[in-house]
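Note that ligands are numbered from 1 as they come in the structure, with each ligand's atoms numbered from 1 the same way. All of these numbers come straight from a predicted model, not from anything done at the bench.
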Amino acid sequence: MGDLLLVNVGELVTPRGASPRGGSAQGELLRLDNAFLAIRDGVVADLGPMKKVPRDFPGEVLDARGRVVTPGLVDPHTHLVFAGSRVEEYLRRARGERYTGGGILVTAEATRAASEGELVELALPRLERMLRCGVTTVEAKSGYGLAPEAELKILRAIRALNGKVPQRLVPTFLGAHAFPPDYGREEYLDLVAREMIPRVAREGLARFCDVFCDKGFYTVDEARAILEEGKRHGLVPKLHADELAAVGAAELAAEIGAISADHLLHVSHAGIRALAEAGTVAVLLPGTAFVIDEPYPPARKLVESEVPVALSTDFNPGSSPVLSLPFVMRLGILKLKLAPEEVLCAATLNAAAALGLAGEVGTLEPGKAGDFVVWDLRDFRELFYWFGDDVAWRVGIGGEVVWASP
Ligand code: NIG
Ligand code: FE
């Protein structure tokens with residue numbers, strides 16, 4: 001945990017608060033020109049204009065030389081741990097085949113065959129590439145094991161990774177991702193609820209329980225039963241909701257008190273109203289719509305309905321082989337029609353809220369973690385403008401610089 005003083009920040013841009021922001025509040029940021037940021041013991045101690053910079057700071061001083069500083073980015077929905085590739089499926093889809101989610105079983109076969117150590121080795125470079133993009137907190141799901149030992153192996157790999165990388169990793173159990181062919185439907189539902197959830201909870205391997213509630217996957221009733229069981233074991237519900245069709249998954253997310261409803265490409269009007277009333281965070285994944293070539297989710301309608309909107313990569317080998325959250329944020333501008341201020345909040349404070357971490361990360365304010373990015377930019381809006389570039393200059397976690405551009 002470091003002591004660090006950032007000086008000569010050209011533009012310090014951050015959302016404020018410890019709860020998710022919807023409606024017009026999503027676009028309200030604090031912008032300070034020519035600023036400093038002081039981090040003590042890994043936690044933000046103070047920030048303000050350079051004329052008030054602390055004298056005699058006891059730790060390291062980093063001169064940003066006019067660059068932009070934001071909070072560290074938070075990626076709240078990834079399928080980080082898997083083996084194998086789906087390049088054949090990807091190329092078939094590029095030629096016009098429709099995405100159905102059937103390829104999940106292909107990745108499950110490869111992932112079952114890999115050891116925990118191999119899964120860790122495969123995930124490490126992915127996390128490094130995320131760090132280069134300014135991502136300091138990463139949610140990671142199981143879901144490519146689809147059998148008790150294999151699901152636990154993935155969650156143990158996530159736990160092992162947590163000690164090996166500088167980022168904060170947040171684990172989610174997604175045993176209900178698909179139905180594996182080696183079990184009957186009822187038999188697998190039973191295995192998830194009666195065996196996997198209790199073991200995951202007992203070993204403290206996950207904070208959240210997620211279900212792929214969609215056409216051809218888990219029905220609303222099946223998802224409800226699994227998420228209720230997860231709740232009984234202390235796992236907070238999350239949902240893959242209405243990605244392939246409007247099945248009422250957003251309504252279920254609201255009903256069950258899910259912390260987030262993710263995807264929402266086909267969310268209904270009633271679903272949007274339900275999310276707004278429940279205060280559920282909508283995690284949008286435009287990289288997925290881009291890759292599977294489907295219509296984008298109704299982001300403007302969600303914001304205008306006061307639903308707090310977050311953005312995430314959905315990094316996975318099928319529908320979103322995308323590690324760069326900044327790329328997804330650029331799609332947030334171009335395809336979701338969000339404003340730069342709304343996009344920044346979506347990938348920091350609201351993303352943290354989707355992980356129950358809005359009190360700890362996602363803004364630069366006294367008491368929050370000293371997780372920041374110095375971007376090689378003079379105007380934060382250009383982060384959403386230079387496509388295909390990594391523009392992070394320094395990335396800090398808990399006041400330690402953990403990545404520097406060569
Ligand atoms: O979030 N939609 C379900 N699961 C993943 C994709 C999984 C896959 O195709 O491997 C998603 O898009
Ligand atoms: Fe996903």
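Residue Asn316 approaches ligand 1 through these ligand atoms, each under 4.0 Å from one of its heavy atoms: 5 (C), 6 (C), 7 (C), 8 (C), 9 (O), 10 (O), 11 (C), 12 (O). Short contacts between ligand 1 and Ile104, defined as distances under 4.0 Å to a heavy atom of the residue, involve ligand atoms 7 (C), 8 (C), 9 (O), 10 (O). Counting the atoms of ligand 1 from 1 in the order shown, those under 4.0 Å from a heavy atom of His77 are 1 (O). Listed by number with element, the atoms of ligand 1 under 4.0 Å from a non-hydrogen atom of Arg86 are 8 (C), 9 (O), 10 (O).
Among protein heavy atoms, the minimum distance from atom 3 (C) of ligand 1 is reached at Phe212 CE2, 3.3 Å. Of all protein heavy atoms, the one lying nearest to atom 4 (N) of ligand 1 is His177 NE2, 2.7 Å. In this structure, atom 2 (N) of ligand 1 lies nearest to the protein heavy atom Glu243 OE1, 2.6 Å. Closest to atom 12 (O) of ligand 1 among all protein heavy atoms lies Ser319 OG, 2.6 Å. What sits closest to atom 11 (C) of ligand 1 on the protein, heavy atoms only, is Asp314 OD2, 3.2 Å. Looking only at heavy atoms of the protein, atom 9 (O) of ligand 1 is closest to Tyr99 OH, 2.5 Å.
Residues Glu89 and Arg93 are paired through a salt bridge, judged by an N-O separation under 4.0 Å between the basic side chain and the carboxylate. A salt bridge is absent between Lys153 and Glu118: the closest approach of a Lys/Arg side-chain nitrogen to an acidic carboxylate oxygen does not fall below 4.0 angstrom. One finds a salt bridge joining Arg21 and Glu28 here, because a Lys/Arg side-chain nitrogen approaches an Asp/Glu carboxylate oxygen to under 4.0 Å. Note on Arg273 versus Glu251: no salt bridge recorded, every NZ/NE/NH1/NH2 to OD/OE distance being 4.0 Å or above. Residues Arg40 and Asp46 are not paired through a salt bridge, judged by the lack of any N-O separation under 4.0 Å between the basic side chain and the carboxylate. The pair Glu342-Lys337 fails the salt-bridge criterion, with no side-chain N (NZ, NE, NH1 or NH2) lying under 4.0 Å from an Asp/Glu carboxylate O. Ion pairing of Glu222 with Arg185 is present here, as a side-chain N (NZ or NE/NH1/NH2) and a carboxylate O approach within less than 4.0 Å. Salt-bridge formation is detected for the pair Arg98/Glu294: a Lys NZ or Arg NE/NH1/NH2 atom is positioned less than 4.0 Å from an Asp or Glu carboxylate oxygen.
Just one of His77, Lys141, Glu139 meets the side chain to side chain donor-acceptor pair (under 3.5 Å) condition when paired with Thr172; it is Glu139.
Between the side chain of His240 and the main chain of Phe212, no donor-acceptor pair closer than 3.5 Å is present.
The closest approach between Phe82 and ligand 1 stays at or above 4.0 Å for every heavy atom of the residue. Ligand 1 does not have Thr107 within reach: every non-hydrogen atom of the residue lies 4.0 Å or more from it. Within the 4.0 Å heavy-atom shell around ligand 1 one finds Tyr144.
At a threshold of 2.8 Å, the Fe ion (ligand 2) has a backbone or side-chain N, O or S atom of His240 nearer than that distance.
Vertex the Fe ion (ligand 2); arms to His77 atom NE2 and Asp314 atom OD1; angle 80° (nearest 10°).
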